[in-house]
Amino acid sequence: MNEPYKPLAPSKSVTMAIKALAEGTAAPDQQQMALSWIINELCATYDLSYRPDSDRDTIFAEGKRFVGLQLVLETKINLNRRVDNA
């Protein structure tokens with residue numbers, strides 16, 4: 001298990017996809033690549049958050065995972081059934 005606070009080094013293609021996403025110019029495959037990397041690698045959404053040697057690292061990892069879970073939820077939510085203020 002890695003230390004959750006250490007920065008990751010994405011590939012050049014992922015970095016380009018994230019930059020294009022931020023600029024609003026990403027092609028569909030770049031959008032999918034960027035979101036996939038954010039959910040799976042950056043947030044470690046589907047990884048175990050528990051760090052046996054550090055409760056602080058566990059908490060940090062769980063915070064990242066929470067962000068990933070929120071992103072996944074938004075991709076799967078049924079907008080016709082959503083009730084909110086917007």
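Closest non-hydrogen pair, Gln30 versus Met16, comes out as NE2-O, 4.1 Å. Counting all heavy atoms, side chain and backbone alike, Ala26 lies closest to Gln31 at O-NE2, 3.0 Å. Between Cys43 and Lys64, the shortest heavy-atom contact is CB-O, 3.3 Å. Nearest heavy-atom pair, Leu21 versus Ala34, reported as atom, atom and distance to 0.1 Å: CD2-CB, 3.9 Å. The shortest heavy-atom contact between Met33 and Ala17 is SD-CB, 4.0 Å.
In this structure the side chain of Arg65 reaches within 4.5 angstrom of the side chain of Leu69, judged on heavy atoms. No side-chain heavy atom of Pro10 sits under 4.5 Å from any side-chain heavy atom of Glu41. In this structure, Leu35 and Thr75 have side chains that are in contact, with non-hydrogen atoms separated by less than 4.5 Å.
Judged purely by atom type and a 3.5 angstrom limit, Ser49 has no side-chain atom pairing as donor or acceptor with the backbone of Thr58.
Taken from CG in Leu48 to CD in Glu62, the straight-line distance is 9.0 Å, to the nearest 0.5 Å. To the nearest 0.5 Å, the span separating CD on Gln70 from CD1 on Ile39 amounts to 11.5 Å. To the nearest 0.5 Å, atom OG of residue Ser11 and atom CH2 of residue Trp37 are 9.0 Å apart. The CZ atom of Arg51 sits 12.0 Å away from atom CD1 of Ile59, with the distance rounded to the nearest 0.5 Å. To the nearest 0.5 angstrom, Leu71 atom CG is 10.0 Å from Phe66 atom CZ. For the atom pair CG of Asp29 and OG of Ser36, the computed distance is 12.0 Å after rounding to the nearest 0.5 Å.
Following chains of ILVMFWY side-chain contacts shorter than 4.5 Å, one cannot reach Tyr5 starting from Leu8, and the two form parts of different hydrophobic clusters.
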